[in-house]
*Asks:* 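A single structure is presented below for examination.
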Protein chains: 2
Amino acid sequence: MARTRREAAREELTAQILELGRAHLAVEGAAGLSLRAIARDLGMVSSAVYRYVPSRDALLTLLIVDAYDALGAVAETAEARVARADLMGRFVAVAMAVRTWALEHPHEYALIYGSPVPGYAAPEATIGPASRVPTLLLTILAQMPEPAAGLAPAEAKVVRTAIAPLASSAAGGIPDERIARGLASWATLLGAVSLEVFGHLTNVVAPGQRTRRAFFEHQMREVAAGLGLG
Amino acid sequence: MARTRREAAREELTAQILELGRAHLAVEGAAGLSLRAIARDLGMVSSAVYRYVPSRDALLTLLIVDAYDALGAVAETAEARVARADLMGRFVAVAMAVRTWALEHPHEYALIYGSPVPGYAAPEATIGPASRVPTLLLTILAQMPEPAAGLAPAEAKVVRTAIAPLASSAAGGIPDERIARGLASWATLLGAVSLEVFGHLTNVVAPGQRTRRAFFEHQMREVAAGLGLG
DNA sequence: TGCATTTCGAGAGCAGTGCTCTCTATAGTG
DNA sequence: CACTATAGAGAGCACTGCTCTCGAAATGCA
């Protein structure tokens, strides 16, 4: 579809830069990502890559979007495999997918849920991909049967004003309290994954793929139960 | 107490380097921490600071220990203010202290609970300070009255093997299931703080000091309740 | 086809980084 | 007083992001 051969080459090269960026990121992390190294791999001089990418931070932003999308994709396909009526199963499937992806791509995970990169200021382009997983979880919450207890009036007000941004958008008809609990569950999920990926479970949770996976699944099942799922 | 005047100067300078490191870290984050900049502030040439600090990473490690200690200190004093019998109050006090400190020292928080720094490998020296807050929480758990339900045998085994490292150390007599729930609560706490400090609550939770603080406190109170406190 | 215009890549260069090595002045020690 | 350990300076290496200029090549237009 590329019209002129220049445009074709441009597309190709831009893709290669992104690909190499991904590879470097995976190996040595965001701190080790260097435009000059990418230029070397490409057989060109460093100044040339600036024709394709305006700055190192811009490349990092592209990789952030990339990471959000990759995570969103695995979460979505995992969730789609579970019977629609099995709300707890769907929640746990998302959680397991997030954990597995994070452990397989620790640097990418760190990029999106770890410390924000220096100069960064969450560019517009990231908000869409970033909300894929949360959206998935909200969808599950939306399909829960009615109940949910009631909060004391004072507490209810705190919650209502706090989650106003959410209530006015994605999470249309979900009761406030359930949204609040969902948010806490999301925090638990990310907190547990971060603890594991960032190495804070040493001497806390026994090492070993199987043990940790089973324990995480247990934790997530409990969280889901506390949420009123299943 | 410094014997020779050389040793006095050495201590003084080492302290100044650490202090300047802290200052630079607070302003521009770990990525912007530069030994050369510290040398400039000190009025000496860059190679001279290597007489006091073996490498940039070593300085970073010192600052990590520093951060763990600062966080541990504020959590401990906050917790100490609450009546011993008020277990939920103590838990919430710790949580609030962690959040407040993290928001006031985002870069230090990122250093310890965000993405691990490049070449790092949690040096021995950090494990003590790192466990101050968790120890606080475990102490609270240890003072809970007996109850706690029972897990299905299979689940119980998963939990027991997973938390074996903990059971054999700090958390002596605490029932397995409670430890597991405590760990999940710790994940929720850190997850919620990380989401806020790292800017993931934009368009999710309404901005504003008071709103967010109240909402976080509400969340933590719910977590504590789920834990069986209060 | 022929010419003007973009676009691209190379090269040099600036300012900054971590870190090493050598050299000199000085502080501490016998 | 002589000798040694140490501190700081200075130069230098290899690396980074990024800018600017310049020639060659691809493109658009007449």
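By convention in this document, chain letters (A, B, ...) are assigned in the order of the sequence lines, proteins followed by strands, and residues within each chain are numbered from 1. Owing to the predicted nature of the structure, the values given are computational and were not obtained by experimental measurement.
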*Asks:* Could you state the CG-P distance from A/Leu60 to D/dC18, rounded to the nearest angstrom?
*Replies:* 11 Å
*Asks:* OP1 or OP2 of C/dG9 less than 4.0 angstrom from a side-chain nitrogen or oxygen of A/Tyr52, does that happen here?
*Replies:* yes
*Asks:* Examine distances only and state if a side-chain atom of B/Arg56 and a backbone atom of B/Leu33 form a donor-acceptor pair shorter than 3.5 Å.
*Replies:* yes
*Asks:* Test B/Ser194 against B/Tyr109 for side-chain hydrogen bond (donor to acceptor under 3.5 Å, both in side chains), laying out the working first.
*Replies:* CA-CA 9 Å; B/Ser194 292; B/Tyr109 178 80; 2.8 Å; yes
*Asks:* In whole Å, I'd like the distance from the CD atom of A/Glu11 to the C1' atom of C/dC8.
*Replies:* 17 Å
*Asks:* Is B/Arg36 side chain donor-acceptor paired with the C/dG16 base, going by distance under 3.5 Å alone?
*Replies:* no
*Asks:* Touch check for B/Leu59, heavy atoms < 4.0 angstrom, all strands: base, sugar-phosphate only, or nothing?
*Replies:* nothing
*Asks:* With a 4.0 Å limit, can you tell me whether A/Arg40 has a side-chain N or O closer than that to the phosphate oxygens OP1/OP2 of D/dT16?
*Replies:* yes
*Asks:* Between C1' on C/dT17 and CG on B/Leu33, what's the gap in Å once rounded to a whole number?
*Replies:* 12 Å
*Asks:* With distance as the sole criterion, do the side chain of B/Ser47 and the base of D/dG10 form a donor-acceptor contact below 3.5 Å?
*Replies:* yes
*Asks:* Taking only the side-chain heavy atoms of B/Ala48 (C-beta and beyond), determine which of D/dG8, C/dG18, D/dT21 contains the nearest atom.
*Replies:* D/dG8
*Asks:* Is it the case that the side chain of A/Arg212 and the backbone of A/Ala206 share a donor-acceptor pair, with hydrogens and angles ignored and the cut-off at 3.5 Å?
*Replies:* yes
*Asks:* Among C/dT17, D/dT19, D/dT16, which nucleotide sits nearest the side chain of A/Tyr50?
*Replies:* D/dT19
*Asks:* Can you tell which of C/dG18, D/dG28, D/dT19 lies closest to the side chain of A/Thr4?
*Replies:* D/dG28
*Asks:* What's B/Leu42 touching, base or sugar-phosphate or nothing? Going by heavy atoms closer than 4.0 Å.
*Replies:* nothing
*Asks:* Would you say that more than 12 heavy atoms from the other residues, nucleotides or ligands in this model lie under 6.0 Å from the CZ of A/Arg10, or not?
*Replies:* yes
*Asks:* Whole angstroms only, please: what is the CE-P distance between A/Met44 and C/dT7?
*Replies:* 16 Å
*Asks:* In this structure, how many angstroms lie between the C1' atom of D/dG8 and the CG atom of B/Leu13, rounded?
*Replies:* 11 Å
*Asks:* Is there a donor-acceptor pair under 3.5 Å between the side chain of B/Arg221 and the backbone N or O of B/Val92?
*Replies:* no
*Asks:* Within less than 4.0 Å of OP1 or OP2 of D/dA7, is there a side-chain N or O belonging to B/Arg10?
*Replies:* yes
*Asks:* Report yes or no: does B/Ser46 contribute a side-chain atom to a donor-acceptor pair with the main-chain N or O of B/Ala39 at less than 3.5 Å?
*Replies:* no
*Asks:* State whether the distance check finds a donor on one side and an acceptor on the other, under 3.5 Å, for side chain B/Arg5 versus base C/dG28.
*Replies:* no
*Asks:* Within the structure, does a side-chain N or O atom of B/Ser55 lie under 4.0 Å from either OP1 or OP2 of C/dG18?
*Replies:* no
*Asks:* Starting from C1' on D/dA7, measure out to CD on B/Glu12 and report it in whole angstrom.
*Replies:* 16 Å
*Asks:* For a quick check, tell me whether the side chain of B/Arg6 and the base of C/dG28 share a donor-acceptor pair closer than 3.5 Å.
*Replies:* no
*Asks:* Starting at CG of A/Asp57 and ending at P of D/dG17, how long is that distance when rounded to a whole Å?
*Replies:* 10 Å
*Asks:* Once you round it to whole Å, what is the distance between P of D/dG8 and CD of B/Gln16?
*Replies:* 11 Å
*Asks:* Using only heavy-atom distances, decide whether a donor-acceptor pair under 3.5 angstrom links the side-chain of A/Arg51 to the base of C/dG9.
*Replies:* yes
